[in-house]
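What follows is a short report on a single structure.
Just so it is clear, the structure is predicted and the values come from calculations on it, not from any experiment. Below, chains carry the letters A, B, ... as their sequence lines are ordered, and counting in each starts from 1.
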2 protein chains.
Amino acid sequence: MNAGRKTSFAGKSRGGAGVPVRGDRRAAGVRLGVLEGWIGFHLRMAQGASFRAFAGCSGRRQLKPGRFAALLLIKHNPGITQSALGRAMARDKSSVTPLLQDLQRLGYVTREQSQSDRRNVHLTLTPAGRQALGVLLAHAKRHERRLEEIVGRRKTLLIGLLREIADMGM
Amino acid sequence: MNAGRKTSFAGKSRGGAGVPVRGDRRAAGVRLGVLEGWIGFHLRMAQGASFRAFAGCSGRRQLKPGRFAALLLIKHNPGITQSALGRAMARDKSSVTPLLQDLQRLGYVTREQSQSDRRNVHLTLTPAGRQALGVLLAHAKRHERRLEEIVGRRKTLLIGLLREIADMGM
DNA sequence: TATTGTTATACTCTATAACTATA
DNA sequence: TATAGTTATAGAGTATAACAATA
C-alpha cells in the first residue's frame, strides 16, 4: 500500500534551496514533537553525551564513570561499607560486589571485615588506588572543565536541579 | 594489618545524639568530595533516578524510554529513515535495527523501502502503534509532571542547559 | 568510494532471587 | 526477623566489525 511513496520527511527539501543546514549532524531537521519539552528525554541525551565524552577523554581502556565514582567515594569516606557505597551511588548491593571485586583485583582497594559487626566490609584505597585515581582525576577534570565551559555561571543552579531530580525516588 | 580498626566512617556518630537524620536513605552522611561539584556525576544520578521513576510509572513491563522515544520521533517524523532516527537519538544504526525489529514485531511500525534510494527504509506508525503510544503518553506525562513539579519555572533553563550538553560531542 | 541497513558478537551495567553469615 | 555481602542468572542497551545492496 502507498506504493508511490514520496516520504513526507526524507526529501531534499530541508534547508530550502539546498543550503547546508548548521546543526545538521545530529538532528538533521528531525522534529522532536512533545519530546522537545520533556526533561526526561533531554536528561537522557545529555547524560549519554557526557558519558561518551568522558570515555573519549580517558583514552579508551580507562575506568568507567561508575568505577571512578566508587574510587572517589572510597577516598572521601575511608572505611565505608559496601552497602553504604551502594546507597550513595543508588545501586543495589549485588551491583556493587562485582565492581569492588574488580577494583580489588586491580589492587586499588582493600576490603576488611569489620570487628564490631562481622557482616560489614570496610573499604579503603591502597596507595596504588590513590595513584591511579590521581591519573584519572586529570582526565576527569578535563572532561568536567568542558562541561563547565558549557554551563558557565549556571553550574550551581544546574547541579541543584539535578540533585533534586536525583532525590525524586526517595 | 590495622587490626583494631575503628573505621573513620561507619561509627554511630552521624546525627549527633542518635537523632534520625533526614535524607538518610541514600547518602547516609557520605561525603561526596570533589564529586559534589561535578556536573557529570549529578547528571548520571539524576538520569538514573528519572529512569527508575519512569519505569515505575509505566507499570513494569511497559516500553522502555528508548522505544518510547523512537515511537514518538517516528510519529512526529513520518517516513524518517533508520539512520536519521539513529542520529536523532544519538545511537549507532546497529543499535537502531533491533529496536525497530522489536517495534515492528509488536505491530507498531511499518518499514518501507524507499523508491528513490533503495538503501533507505522509511518508518511510519501503524494505527496500533498510535494507540499504544497514546497509552504510553499517559504514563509518560505523569512522569514528566513529577519532574516539572521539581524544577518548576526553571524548566526552560534546565532543558536549555541539557541540550547544550547533549551537543557537546558534535 | 560512501552510505544504508543487517548480522554476529561481545561487553557493560544492572537488578532479582536465593543463599550464607551474622546480628 | 533483619541486614551485609555473594553468587547465579538474566535482561537491556550499546558498540564494533564485517557484510550486502545500493548510490
Side-chain angles (χ1 to χ4, degrees), chain A residues 7 9-10 12 24-25 28 44-45 47-49 51-52 54-56 58 60-70 79-105 109 111-123 169, chain B residues 7 9-10 12 25 28 44-45 47-49 51-52 54-56 58 60-70 79-87 89-105 109 111-123 169:
Chain A
T7 76
F9 166 81
K12 341 235 162 315
D24 222 290
R25 273 171 295 181
R44 239 167 67 86
M45 300 295 282
Q47 207 278 319
F51 183 92
R52 281 187 296 274
F54 182 91
S58 20
R60 300 289 161 203
R61 310 245 163 170
Q62 289 289 3
L63 255 53
K64 312 284 183 277
R67 312 296 161 108
F68 179 57
I80 192 174
T81 64
Q82 294 192 185
S83 288
L85 182 64
R87 282 190 294 272
M89 299 172 61
R91 297 286 168 262
D92 190 85
K93 53 192 165 77
S94 68
S95 304
V96 172
T97 296
L99 190 155
L100 288 172
Q101 287 172 337
D102 224 47
L103 293 178
Q104 190 178 33
R105 192 171 38 69
V109 304
R111 307 201 279 172
E112 293 185 69
Q113 194 181 40
S114 171
Q115 292 199 322
S116 46
D117 184 338
R118 286 159 61 209
R119 291 172 300 184
N120 286 332
V121 174
H122 295 293
L123 308 166
Chain B
T7 75
F9 166 80
K12 343 237 164 310
R25 274 170 292 180
R44 239 168 67 87
M45 300 295 281
Q47 207 278 319
F51 183 92
R52 283 187 294 274
F54 183 91
S58 23
R60 299 290 159 203
R61 311 244 163 171
Q62 289 289 6
L63 256 53
K64 311 287 183 277
R67 313 297 162 109
F68 179 56
I80 192 174
T81 64
Q82 295 193 184
S83 288
L85 182 64
R87 282 189 294 271
M89 298 172 61
R91 297 285 167 264
D92 190 86
K93 53 194 165 76
S94 68
S95 303
V96 172
T97 296
L99 191 156
L100 288 171
Q101 286 172 337
D102 225 46
L103 292 178
Q104 190 179 34
R105 194 170 36 71
V109 303
R111 308 200 279 172
E112 293 185 70
Q113 194 181 38
S114 171
Q115 291 199 321
S116 45
D117 183 339
R118 287 159 61 207
R119 293 173 300 186
N120 286 331
V121 174
H122 296 293
L123 308 166

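Side-chain contact of S83(A) with T81(A): a donor-acceptor pair under 3.5 Å is absent, judged by distance alone.
In this view, T97(A) satisfies the side chain to side chain donor-acceptor pair (under 3.5 Å) rule with no residue, not counting sequence neighbours. Listed by chain and residue number, Q82(B), Q104(B) satisfy the side chain to side chain donor-acceptor pair (under 3.5 Å) test with R111(B) (two or more places apart in sequence, or in another chain). Among residues two or more places apart in sequence or in another chain, the salt bridge (Lys or Arg N to Asp or Glu O under 4.0 Å) test is passed with R67(A) by D102(A).
Side-chain contact between E112(B) and V121(B): absent, with no pair of heavy atoms (C-beta onward) separated by less than 4.5 Å. Side chains of L103(A) and L123(A) form no contact here, defined as non-hydrogen atoms less than 4.5 Å apart. The closest side-chain heavy-atom distance from H122(A) to I80(A) is not below 4.5 Å. Residues L99(B) and M89(B) are in side-chain contact: their nearest non-hydrogen atoms beyond the backbone lie under 4.5 Å apart.
Here the CZ atom belonging to F54(A) is positioned 9.0 Å from the CZ atom belonging to R44(B), to the nearest 0.5 angstrom.
For the pair A90(B) and R52(A), the tightest heavy-atom approach, listed with the atom from each and the gap, is CB-NH2, 3.6 Å.
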Practice problem: List the protein contact pattern of nucleotides 17-23 of chain D with one symbol per nucleotide (5' to 3'): B for base contact, S for sugar-phosphate-only contact, - for none; contact means a heavy-atom distance under 4.0 Å. | Solution: B---BBS

Report each atom pair, protein N/O against N/O of nucleotides 9-13 of chain C, whose distance is under 3.5 angstrom.
| unit_1 | atom_1 | unit_2 | atom_2 | d |
| --- | --- | --- | --- | --- |
| dC13(C) | OP2 | R67(A) | NH2 | 2.8 |

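As rounded to whole Å, 12 Å separates atom P of dT4(C) from atom CD1 of I80(B). Distance CG (N120(A)) to P (dT20(C)): 20 Å, rounded to an integer number of Å. Residue L85(A) contributes atom CG, which lies 13 Å from atom C1' of dA4(D) at whole-angstrom precision.
Among the heavy atoms of the strands lying under 4.0 Å from S95(B) is at least one base atom, whether or not backbone atoms are also near.
Scanning residues 97-104 of chain B for heavy-atom distances under 4.0 Å to DNA chain D yields an empty list.
In this structure, Q82(B) does not reach the dT3(C) phosphate: none of its side-chain N or O atoms is under 4.0 Å from OP1 or OP2.
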